[in-house]
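Notes follow once the structure below has been shown.
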2 protein chains.
Amino acid sequence: MKPVPAPLSAEDDLRSAETQAGAFQAVREARRSELAEDYVELIAELIAHFGEARPVDIASRLGVTAPTVAKTLDRLARDGLVMRARYRSVFLTDQGRALAEECRVRHDIVVRFLIRLGLDAETAEQDAEGIEHHVSARTLALFAAFAERRGQPETR
Amino acid sequence: MKPVPAPLSAEDDLRSAETQAGAFQAVREARRSELAEDYVELIAELIAHFGEARPVDIASRLGVTAPTVAKTLDRLARDGLVMRARYRSVFLTDQGRALAEECRVRHDIVVRFLIRLGLDAETAEQDAEGIEHHVSARTLALFAAFAERRGQPETR
DNA sequence: GTATCAAGTTAGCACCGTCTAACTTTTCAT
DNA sequence: ATGAAAAGTTAGACGGTGCTAACTTGATAC
Ligand SMILES: [Mn+2]
Ligand SMILES: [Mn+2]
Ligand SMILES: [Mn+2]
Ligand SMILES: [Mn+2]
């Protein structure tokens, strides 16, 4: 059957198929880089705090197994984000370091924003870990401005 | 080498490995349901506005090909969210309808929240499409409260 | 009624991200 | 120096999400 104009009640209009498809394509694109972003950000953290990033620590902090980490690190190396040597710790390339720094800044903005909104720190960290990958530059700017605002948090 | 306590400067402390792993696990869990959520929400929209949800329309609004939609719909049917008959439109099960409604409400809250923050409607829709899947109940409540607030939007 | 065209399906491929099991290498304590 | 434990690697499996090419079915126009 062909679509019928509207079934008696069509309160709000739909966006155009193209516009909607654009949004979904952007989300799929973001999903493709999420894992890489989390890895390089975590690797940078480990290097900053422990001097090196060992696969075993990456695994335990991500909550995945060692072979999963190994395979993912190989992909990241292939993509020019990390450098590896067998049985050694992992290091970031310049490109990896740049991405990590960008992610760290963005992550912190999202966390501070959520806390300023009134969320507890623990939940803020949890939600930020997912939200951060789907925040456009414009939105990030608004988050940053809100987070920096003077005055008490939005207590409820 | 074993991790050394700290490399001269360890300004901020790291969270425990377990806590951090918990956050990442929650994100991975959310990722597993993202696609299903987008599908049932879209199917509900199409049914509400056109009386039926045809695979070809699902495909064009998601920006993917017809075979991709077919395979995904089979998975959704397997998981009890939709019902299909060969060469026919797709329908939601009770479970699918319930999930779709939940997603619709959540999607709208996120969009209205972003707009209230000062974002343009177009970008709000784009970002919401990704963010919605990573918003906890607590955060959603804060978003809703902020969106409903009296007064002018946060113009910048 | 039949030809055509749109929609739907099937088969097959590729890559990602996860796991377990089994193996190798390195590190460390004695 | 050596043996045990920890860390790392490899192989193989599996499900998810995307694609193209080729086929089948259904809807439409004449
Ligand atoms: Mn993250
Ligand atoms: Mn992060
Ligand atoms: Mn979505
Ligand atoms: Mn949505």
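Quick note on labels: first sequence line is chain A, next is B, and so on, each numbered from 1. Only heavy atoms go into these numbers, but all of them, side chains included; no hydrogens, no water, no symmetry mates.
- When rounded to the nearest whole Å, the span between CD of B/Glu34 and C1' of D/dG18 equals 15 Å.
- Regarding contacts with the backbone of D/dC19, a side-chain N or O of B/Thr65 is found under 4.0 angstrom from either OP1 or OP2.
- A donor-acceptor pair is defined here as one N or O able to donate and one able to accept, closer than 3.5 Å; no such pair exists between the side chain of A/Arg31 and the backbone of B/Arg31.
- Put simply, CD1 on A/Ile58 is 20 Å from P on D/dA6, counting in whole angstrom units.
- Nearest nucleotide to the A/Leu35 side chain, out of D/dG18, D/dT10, C/dT18: C/dT18.
- The nucleotide whose nearest atom lies closest to any side-chain atom of B/Arg75 is, among D/dT20, D/dG18, D/dG16, D/dG16.
- Taking the six-membered ring for Trp and the full ring otherwise, the centers of B/Phe24 and A/Tyr39 sit at least 6.0 Å from each other.
- Between the CG atom of B/Asp38 and the C1' atom of D/dG16 there is a distance of 15 Å, rounded to whole Å.
- Of the side-chain N and O atoms in B/Thr72, none sit less than 4.0 angstrom from OP1 or OP2 of D/dT17.
- For the pair B/Ala85 and A/Tyr87, both in contact range of DNA chain C, the more 5′-proximal nearest nucleotide belongs to B/Ala85.
- One can place CG of A/Asp74 at 13 Å from P of C/dG17, the figure rounded to the nearest angstrom.
- Looking at B/His107 and B/Glu132, their side chains do bring a donor and an acceptor atom within 3.5 Å of each other.
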Problem set entry | Verdict with reasoning, A/Glu101 to A/Arg104, per salt bridge (charged side-chain N to carboxylate O under 4.0 Å, His left out) | CA-CA 5 Å; A/Glu101 175 62 11; A/Arg104 202 211 86 228; 2.7 Å; yes
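- For B/Lys71 against D/dG18, a side-chain-to-base donor-acceptor contact under 3.5 Å is present.
- Comparing A/Ala70 and B/Arg78 by the nucleotide of DNA chain D whose heavy atom lies nearest to each, the residue mapping closer to the 5' end is A/Ala70.
- In this entry the distance linking CZ of A/Arg32 with P of C/dA14 reads 18 Å, nearest Å.
- Between B/Arg88 and D/dA27, a side-chain N or O to OP1/OP2 separation shorter than 4.0 Å is present.
- Rounded to an integer number of Å, the gap from CD of B/Glu52 to P of D/dA27 is 10 Å.
- Atom CG in B/Leu76 sits roughly 9 Å away from atom P in D/dT17 (whole-Å rounding).
- Remark: B/Lys71 does not engage B/Asp74 in a salt bridge, criterion side-chain N to carboxylate O under 4.0 Å.
- Of the two residues near DNA chain D, A/Arg86 and A/Arg31, the one whose nearest nucleotide lies more 5' is A/Arg86.
- The phosphate of C/dC16 (OP1 or OP2) has no side-chain N or O of B/Arg28 nearer than 4.0 angstrom.
- The side chain of B/Thr68 contributes an N or O atom lying less than 4.0 Å from OP1 or OP2 of D/dC19.
- Summarising the geometry, the separation between CZ on A/Arg54 and C1' on C/dT26 is reported as 12 Å, rounded to the nearest angstrom.
- The nucleotide whose nearest atom lies closest to any side-chain atom of A/Pro55 is, among D/dG8, C/dC19, D/dG18, D/dG8.
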